[in-house]
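Presented below is the structure to which this report refers.
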Amino acid sequence: MHRSETQSAAGPVESTSDTMLIGDFAGLSGASARSLRHYESQGLIASDRDANGYRHYAASTVEVVQRIRRLLRAGFSLKSVRVILPCLLDTDRPLQMCPAVAAQVRSLVADLDCRAEELQRRRESVEALIGDADAPAGTPVDH
């Protein structure tokens, strides 16, 4: 059985004969082949290459990709994912809050708060426009 070890942000990736080509791996992980190549170029996951250059991903990397996708859906950047990923033990448990992870999470929450405030201001502006449109013709509108 062929074994090799490579390094990714999630830690060492051991590959054995239990590997998949990128197309099969993409189907199983839910990420596109393009995303997988990008995650690999960013050091988040690793693959072995055979003589013809085909990527082989360890089956255990599926969980890592699912964690990456979960963090991206939550709004984290790939830069933040690189910091947080090693602290995730599994997909159902909360993050271990080491200082670097806590800082990343606080930063995202602050950004979400700012976005929510901006959306609220925009909503109020749109509602004011609707109120103006609902007023009978010739009625003064308060601004």
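Quick note: numbers below take in every heavy atom, side chains included, and nothing from hydrogens, waters or symmetry partners.
- Between His56 and Arg49, every side-chain heavy-atom pair lies at or beyond the 4.5 Å cut-off.
- Taking CG of Leu44 as the start and CD1 of Ile68 as the end, the distance is 4.5 Å to the nearest 0.5 Å.
- Put simply, Val109 and Phe76 are part of the same group of oily side chains (I, L, V, M, F, W, Y) that touch within less than 4.5 Å, one to the next.
- With contacts defined as side-chain heavy-atom distances shorter than 4.5 Å, the pair Ser41/His38 qualifies.
- Within a 6.0 Å radius of CZ in Arg121, more than 12 heavy atoms belonging to other residues, nucleotides or ligands are found.
- Between Ser29 atom OG and Ile45 atom CD1 the span is 7.5 Å, to the nearest 0.5 Å.
- For the atom pair CG (Leu71) and CG (Leu108), the distance works out to 10.0 Å, reported to the nearest 0.5 Å.
- Atom CD1 of Ile84 and atom CZ of Arg67 lie 13.5 Å apart (nearest 0.5 Å).
- Just one of Leu72, Val64, Val81 meets the side-chain contact (heavy atoms from CB on, under 4.5 Å) condition when paired with Tyr39; it is Leu72.
- Applying the side-chain hydrogen bond (donor to acceptor under 3.5 Å, both in side chains) rule to Arg106 yields no partners; only residues at least two apart in sequence or on another chain are considered.
- The shortest distance between side-chain heavy atoms of Gln120 and Glu117 does not fall below 4.5 Å.
- In this structure, Arg37 CZ and Ser32 OG are separated by 7.5 Å, a value rounded to the nearest 0.5 Å.
- Within the 4.5 Å cutoff, the side chain of Glu40 has no heavy atoms near those of the Leu36 side chain.
- Note that the OG atom of Ser107 and the CG atom of Leu112 stand 9.5 Å from one another [nearest 0.5 Å].
- Formation of a donor-acceptor pair under 3.5 Å by the Arg82 side chain with backbone atoms of Gln42 is found in this model.
- Shown here for Ala33 and Ala26, the closest heavy-atom pair between the two residues is N-CB, 3.9 Å.
- With sequence neighbours left out, the ring pair (Phe, Tyr, Trp, His ring centres under 6.0 Å) criterion links Phe25 to Tyr57.
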